[in-house]
Amino acid sequence: MLTEEIEKLALSLPGTQENAHFGTRDFRVGKRIFMTLPEAGRAVFKLTPDQQRMLLEMEPGVCAAVPGGWGARGWTSLYFVDADEEFIRQSLETAWRNAAPKSLVRKNGGH
């Protein structure tokens, strides 16, 4: 998957806007970040620690916990260039649901 494709997927989610945080492009729903693009070929998703553990077990070569405290809280790197598109889509939607207001998630059928 290309950077442009993951951007398009993120922006297709309800209420999503692109912004920047400490010089890194991010994608937010409301004021909450659910994905950043810190470097070419890598996205960072807002997951719960349990969701992170599951992804690391499913795709250990594609996913990695962000180092330090951010990773301990669930922030997860996903190296998307060679990753399965459906896996990326599901991970992205999970991160969006984690950040989106519950009313928006319900309105969009859990998206």
Side-chain angles (χ1 to χ4, degrees):
M1 178 171 279
L2 301 173
T3 300
E4 295 79 18
E5 293 170 313
I6 201 166
E7 292 167 356
K8 186 176 177 180
L9 278 175
L11 291 169
S12 74
L13 297 170
T16 297
Q17 295 181 354
E18 184 176 349
N19 209 322
H21 181 73
F22 293 108
T24 299
R25 294 173 60 208
D26 67 48
F27 295 80
R28 303 168 185 234
V29 56
K31 295 183 180 192
R32 299 182 73 194
I33 297 170
F34 67 91
M35 181 183 84
T36 65
L37 292 172
E39 61 188 85
R42 179 170 75 110
V44 175
F45 292 143
K46 177 184 177 54
L47 302 176
T48 66
D50 287 339
Q51 291 165 341
Q52 180 188 72
R53 275 189 287 281
M54 188 173 70
L55 260 60
L56 294 177
E57 288 175 14
M58 290 172 55
E59 295 287 344
V62 173
C63 298
V66 171
W70 288 101
R73 289 190 292 273
W75 287 91
T76 306
S77 292
L78 192 147
Y79 297 89
F80 58 84
V81 174
D82 294 321
D84 177 75
E85 186 173 330
E86 186 58 27
F87 177 75
I88 295 168
R89 182 182 309 276
Q90 289 175 357
S91 301
L92 179 61
E93 289 176 359
T94 298
W96 177 85
R97 281 191 306 274
N98 289 341
K102 300 304 172 209
S103 60
L104 185 59
V105 174
R106 281 192 303 273
K107 179 179 174 185
N108 290 281
H111 200 74

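A heavy-atom distance below 4.5 Å is found between the side chains of Leu13 and Glu93. In this structure, the side chains of Met35 and Leu92 come closer than 4.5 Å at one or more pairs of heavy atoms. With contacts defined as side-chain heavy-atom distances shorter than 4.5 Å, the pair Gln51/Thr48 qualifies. Within the 4.5 Å cutoff, the side chain of Ile6 has heavy atoms near those of the Leu37 side chain. Side-chain atoms of Phe87 and Leu78, non-hydrogen and from C-beta on, do get closer than 4.5 Å to each other. Between Val29 and Leu104 the shortest side-chain heavy-atom distance falls below 4.5 Å. Side-chain contact between His21 and Arg28: present, with at least one pair of heavy atoms (C-beta onward) separated by less than 4.5 Å.
In this structure, the side chain of Glu57 does not engage the main chain of Met54 through any donor-acceptor pair within 3.5 Å. Side chain of Asn98 to main chain of Lys46: a donor-acceptor pair is present (N/O by atom type, distance under 3.5 Å, no hydrogens or angles). Between the side chain of Glu5 and the backbone N or O of Leu2, at least one donor-acceptor pair lies under 3.5 Å. Listed for the Trp96 side chain is a donor-acceptor partner under 3.5 Å among the backbone atoms of Pro14. One N or O on the side chain of Thr76 and one on the backbone of Gly74 form a donor-acceptor pair closer than 3.5 Å. Between the side chain of Gln52 and the main chain of Gly71, a donor-acceptor pair closer than 3.5 Å is present.
Of all heavy-atom pairs spanning Pro38 and Val44, the tightest one is CG-CG2, 3.8 Å. Heavy atoms only, all atoms of each residue included: Ala72 and Pro49 are closest at O-CG, 3.6 Å. Between Phe34 and Ala99, the closest heavy-atom pair is CB-CB, 3.7 Å. Nearest heavy-atom pair, Ser77 versus Val66, reported as atom, atom and distance to 0.1 Å: OG-CG2, 3.8 Å.
Here the CG atom belonging to Leu56 is positioned 6.0 Å from the SG atom belonging to Cys63, to the nearest 0.5 angstrom. Considering CD of Gln90 and CG of Leu55, their distance stands at 9.5 Å, rounded to 0.5 Å. For the atom pair CZ (Arg97) and NZ (Lys102), the distance works out to 9.5 Å, reported to the nearest 0.5 Å.
Salt bridge Lys8/Glu4: absent, no basic N to carboxylate O contact under 4.0 Å.
Within 6.0 Å of the CD atom in Glu39, the count of heavy atoms belonging to other residues, nucleotides or ligands exceeds 12.
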Subject >> Stepwise side-chain contact (heavy atoms from CB on, under 4.5 Å) check, Arg25 with Thr3 >> reply: CA-CA 12 Å; Arg25 294 173 60 208; Thr3 300; 4.2 Å; yes

**OP:** Using the side-chain contact (heavy atoms from CB on, under 4.5 Å) rule, take Phe27 and Asn19 through it: C-alpha gap first, then chi angles, then the decisive distance, then the call.
**Re:** CA-CA 6 Å; Phe27 295 80; Asn19 209 322; over 6 Å; no

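For the side chain to side chain donor-acceptor pair (under 3.5 Å) test, no residue two or more places apart in sequence or in another chain qualifies with Gln17.
When the side chains of ILVMFWY residues are joined at heavy-atom separations under 4.5 Å, either directly or via intervening members, Ile33 and Leu11 end up in two distinct hydrophobic clusters.
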